[in-house]
Amino acid sequence: MYKRTVLIVDDKEINRKILARMLQDKYGLLFAENGKVALECMHEHADVIAAVLLDVMMPVMNGYEVLEEMRQDEVLSKIPVIATSQRDCDEDELKILEMGAQDFIAKPYKAELIIRRLNNIIKLREKAAMVNKAQKDELTGLYNKQFFLHKVQELLEENSHQKYDLLCVGIERFKLVNDTFGVYYGDKVLKYMAAMMKDIAREVGICGRFGADNFYAVLPYKEYTNESFEPWIRRVENFPIEMDIKIHCGIYAIEDASIPVEAMCDRAQLAADKNRGKYDEYFCVYDDSLRKKLLHEQFIIGNMKPALEEHQFQVYYQPKYDLNTGRVAGAEALVRWIHPEMGMISPGDFIPLFETNGFISQLDEYVWECACRDIRSWRDKGYPPIAISVNVSRADIYNPKLIDNLLALIEKYDIPMKYLHLEITESAYTENPQQIIRVVGRLRELGFLIEMDDFGSGYSSLNMLAEMPVDVLKLDMGFIQTETRKASGKGILSFVISLAKWLNLAVVAEGVEQKEQIDVLRSMDCNYAQGYYYSKPLEKSAFEELIRVSEVAEMICTSRTTLDYTINEKNNEALQDGRVMMIVDDIEVNRAALAATFEKEYVIKEFENGKDAWLYLQENASKVDIILLDLLMPVMDGFQLLEKIRTNHQTRQTPVIVMSQMDETMEQRALKMGADDFVSKPYNALVIKKRVSNVVASYELRKIKHGLVSIHLGKSRREEK
Ligand code: C2E
Ligand code: CA
Ligand code: CA
């Protein structure tokens with residue numbers, strides 16, 4: 001049981017002994033024989049002392065003087081004191097209570113009474129601390145939202161002549177920090193930030209956290225520049241983690257103290273949001289343009305419902321073209337808001353808002369219905385059948401009626417399912433993969449074609465691609481535009497395209513604007529393209545005219561004729577087939593961590609030096625899928641082993657990832673010697689997982705290219721080849 005600590009202050013040893021005997025079972029005890037020693041002891045143990053039993057009459061420094069000193073001290077004043085005295089007289093009692101003692105006990109001591117009193121005051125104080133805690137954010141000790149708002153209100157009322165700034169700070173992609181490094185690290189980052197916020201706010205002393213990574217502070221009013229923020233930005237960057245932590249900052253200058261503090265915080269936050277992703281501007285100040293944006297948003301939200309009822313939303317169609325034949329092979333339905341006074345409002349202005357307020361689901365259903373109705377009418381008019389893809393938002397996925405609603409549309413308009421493609425954005429896939437796999441997998445089984453939208457725009461992972469139920473990969477416009485521009489990027493682009501093909505996905509490139517991009521994409525064997533080069537999104541009548549006069553090609557999705565294949569299956573197969581990962585590192589904990597990371601996917605073989613690893617590899621070369629190799633080891637180091645691996649004809653192709661402390665020259669040397677990739681220590685599990693799967697995937701692609709279809713792709717798959 002946890003024992004609270006009580007300090008016994010009495011000049012007579014006998015009294016101390018009596019008290020000790022009474023209390024030692026219930027409390028941990030400290031002793032002092034006079035006031036001076038008592039104060040020293042309190043300073044030293046302030047954090048553990050739960051209460052003090054203080055004799056009033058003592059030499060050197062008496063109880064009154066001790067109480068007086070305690071009262072002056074911020075920390076000691078919070079420790080409860082029970083005074084003890086020879087006399088039992090009202091006057092003394094009153095005086096001692098006035099001076100700050102919580103209670104009073106007369107000698108001779110009665111054990112029960114002392115224990116009860118001690119217990120009471122300790123409980124009381126702990127409860128007070130609890131109340132205090134409710135004002136503070138548990139994790140960081142900063143004020144919570146309610147208390148922060150209250151404190152700012154108080155400050156503004158009491159200092160109406162003073163001017164202040166309200167600062168809002170957020171951590172860039174904080175969710176990613178949590179996902180990548182775990183909640184423990186996430187919390188560490190938050191605490192680190194909180195300590196910094198306290199320093200930033202030290203002049204006024206008011207700072208708070210409103211959940212997650214939302215920090216606020218009150219600063220004295222002044223003109224801020226990038227230099228004012230420089231030290232804080234640097235301090236954040238110095239957080240010891242293998243990821244650049246960035247923050248975004250917003251300032252609202254409190255000019256009108258009459259608006260609610262919460263609205264002030266919203267404004268500071270709005271400014272902070274605007275500062276997101278702008279790494280050379282360290283902060284953003286709330287101003288009128290942001291106010292206008294807010295008003296515009298209010299306008300949109302206020303008008304969305306009538307707009308839907310009055311059919312102000314219209315569906316445009318942007319054709320997709322077959323890159324080889326130049327024929328139209330499909331189209332994407334894109335919504336437009338044609339407002340009677342404002343004219344056309346672009347989806348960029350309202351979709352994100354509707355995604356946050358939930359209205360997107362209604363709008364999406366409206367768009368789907370328009371698309372289905374149009375597909376029906378084109379069929380009735382005898383136009384060649386064409387697949388139309390509609391956007392499905394993340395919110396739709398969580399709608400339990402999604403499947404029924406879509407099926408009802410298919411039935412109502414009597415259209416074959418394969419002509420309705422569903423575009424689901426990549427970011428939805430990363431968010432809750434299990435849910436997505438379930439819902440989208442079901443839709444796909446039912447016969448809808450699934451397109452993964454915006455691939456390459458976020459944290460795309462190639463493993464994810466293999467795991468997800470999709471038929472078509474839509475490469476994001478930004479990805480296409482940056483990767484086709486740079487010479488080195490083309491490697492990535494062509495790799496992604498070949499991997500997609502390996503997984504039997506059709507590939508659509510989005511946002512293609514130039515002839516050169518078309519040529520590059522065609523040379524990489526990309527199938528389809530959508531973009532201004534071919535056509536902008538067209539009004540329904542214009543699109544109808546296009547398909548009326550064009551030769552329309554069907555979009556071919558080979559995914560439907562081959563068996564589905566997921567990384568998990570592959571992993572299990574790898575494990576079943578006894579595929580081996582070799583971990584070569586002289587430090588045991590490193591090996592253990594790596595083994596734990598990969599044990600579900602590979603048979604793990606650990607080696608503490610290059611020599612043992614080489615002996616094993618010579619015997620088992622055909623079983624080994626991947627080698628993780630530490631560069632610095634005794635007996636035979638990583639470089640020596642790598643050289644052997646790359647010069648032996650049996651192991652020449654075996655993927656090797658080298659690991660070492662951050663060191664560019666070593667990295668370069670190893671890559672030159674034929675290592676497939678490099679991870680620096682201390683490594684991060686996610687990074688190394690990605691590297692391994694990328695390296696292994698590209699190895700498998702190489703094998704396929706060379707006609708060496710790997711023997712562990714699984715039986716069903718093999719038989720199909
Ligand atoms: P998205 O699904 O990635 O759609 C592609 C966007 O790129 C469209 O913008 C399209 O007009 C634009 N675009 C196409 N080719 C080019 C090009 O060559 N160059 C450039 N610069 N842009 C090109 P739009 O129509 O403004 O739509 C923006 C986003 O709004 C869409 O991105 C989609 O996420 C969302 N959206 C549009 N309609 C709907 C809808 O009905 N439902 C849902 N949930 N979202 C929609
Ligand atoms: Ca789309
Ligand atoms: Ca897209």
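As a basis for the values below, the full set of heavy atoms in this structure was taken, side chains included, without hydrogen atoms, waters or symmetry mates. Numbering of ligands and ligand atoms starts at 1, following listing order.
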For [X], does the [atom1] atom have more than 12 heavy-atom neighbours from other residues, nucleotides or ligands under 6.0 Å away?
{"X": "R522", "atom1": "CZ", "answer": "yes"}
{"X": "E551", "atom1": "CD", "answer": "no"}
{"X": "Y366", "atom1": "OH", "answer": "yes"}

For ligand 1, is there an N or O atom under 3.5 Å from any N or O atom of [X]?
{"X": "Q530", "value": "no"}
{"X": "Y533", "value": "no"}
{"X": "V335", "value": "yes"}

Next on the checklist: Can you confirm whether or not the ring centre of Y317 sits under 6.0 Å from the ring centre of F543?
Outcome noted: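 For Y317 and F543, the ring centres are under 6.0 Å apart.
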
Item to check | Centroid-centroid distance, W337 to F359, less than 6.0 Å | outcome: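 Ring centres of F359 and W337 not closer than 6.0 Å.
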
Which atoms from ligand 1 have a heavy atom of [X] less than 4.0 Å away?
{"X": "D454", "result": "3 (O)"}
{"X": "V367", "result": "41 (O)"}
{"X": "D453", "result": "2 (O)"}
{"X": "E513", "result": "17 (C), 18 (O), 19 (N), 20 (C), 21 (N)"}
{"X": "S393", "result": "44 (N)"}
{"X": "I360", "result": "44 (N)"}

Item to check | Protein heavy atom under 4.0 Å of atom 9 (O) of ligand 1 | outcome: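 For atom 9 (O) of ligand 1 the answer is no, since every protein heavy atom stays at 4.0 Å or beyond.
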
Below 4.0 Å from ligand 1: does a non-hydrogen atom of [X] turn up there or not?
{"X": "R336", "answer": "yes"}
{"X": "K536", "answer": "no"}
{"X": "E332", "answer": "yes"}
{"X": "S346", "answer": "no"}

When you measure from [atom] to every protein heavy atom, which one gives the shortest distance, and what is it?
{"atom": "atom 40 (C) of ligand 1", "value": "D364 OD1, 3.7 Å"}
{"atom": "atom 15 (N) of ligand 1", "value": "Q318 NE2, 3.0 Å"}
{"atom": "atom 46 (C) of ligand 1", "value": "I351 CD1, 3.5 Å"}
{"atom": "atom 11 (O) of ligand 1", "value": "P537 CG, 3.3 Å"}
{"atom": "atom 7 (O) of ligand 1", "value": "M477 CE, 3.5 Å"}
{"atom": "atom 34 (O) of ligand 1", "value": "N391 OD1, 4.7 Å"}
{"atom": "atom 32 (O) of ligand 1", "value": "L334 CD2, 4.9 Å"}
{"atom": "atom 24 (P) of ligand 1", "value": "P347 CG, 3.7 Å"}

Item to check | Pair Q318-Y534, side-chain donor/acceptor within less than 3.5 Å | outcome: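 No.
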
Next on the checklist: Please give me the minimum heavy-atom distance between S361 and A395, naming the atom from each residue.
Outcome noted: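 Heavy atoms only, the tightest pair is OG-CB, 4.0 Å.
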
Next on the checklist: For atom 5 (C) of ligand 1, tell me which residue out of Q514, Q517, E510 has the closest non-hydrogen atom.
Outcome noted: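 Among Q514, Q517, E510, the closest heavy atom to atom 5 (C) of ligand 1 comes from E510.
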
Checklist entry - Which of these, Y532, Y316, W368, has its nearest heavy atom closest to atom 17 (C) of ligand 1? => result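 Checking each option, the heavy atom nearest atom 17 (C) of ligand 1 is found in Y532.
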
Does any part of the side chain of [Y], heavy atoms only, come nearer than 4.5 Å to the side chain of [X], both counted from C-beta?
{"X": "R209", "Y": "M193", "value": "no"}
{"X": "V315", "Y": "K540", "value": "no"}
{"X": "K412", "Y": "R373", "value": "no"}
{"X": "Q362", "Y": "F354", "value": "no"}

Item to check | Value rounded to 0.5 Å, distance of CD1 in I360 from CD1 in I351 | outcome: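 Between I360 CD1 and I351 CD1, I get 4.0 Å after rounding to 0.5 Å.
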
Taking NZ, NE, NH1 and NH2 as the nitrogens, is one of them in [X] or [Y] under 4.0 Å from a carboxylate oxygen of the other?
{"X": "E297", "Y": "K293", "answer": "yes"}
{"X": "K401", "Y": "E365", "answer": "no"}
{"X": "K474", "Y": "E426", "answer": "no"}

Item to check | Under-4.0 Å heavy-atom contact with ligand 1, by part of T425 that carries it | outcome: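 Neither; no heavy atom under 4.0 Å.
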
Next on the checklist: Over 60° means perpendicular and under 30° means parallel, so tell me whether H296 and F299 are parallel, tilted or perpendicular.
Outcome noted: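 Because their plane-to-plane angle is under 30°, the rings of H296 and F299 count as parallel.
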
Next on the checklist: For F313 and F350: C-alpha separation, side-chain torsions, deciding distance, then whether ring-ring contact (aromatic ring centres under 6.0 Å, His included) applies.
Outcome noted: CA-CA 11 Å; F313 291 106; F350 57 85; 5.7 Å; yes

Next on the checklist: Tell me whether the Ca ion (ligand 2) has T425 as a neighbour, meaning an N, O or S atom of it below 3.0 Å.
Outcome noted: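 Not a single backbone or side-chain N, O or S atom of T425 is under 3.0 Å from the Ca ion (ligand 2).
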
Closest [X] atom to the Ca ion (ligand 2) [N, O or S only]:
{"X": "E423", "answer": "OE1"}
{"X": "D453", "answer": "OD2"}
{"X": "E332", "answer": "OE2"}

Checklist entry - Looking from the Ca ion (ligand 3), what is the angle between OE2 on E510 and OD1 on D454, to the nearest 10°? => result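 The two atoms form an angle at the metal of about 160°.
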
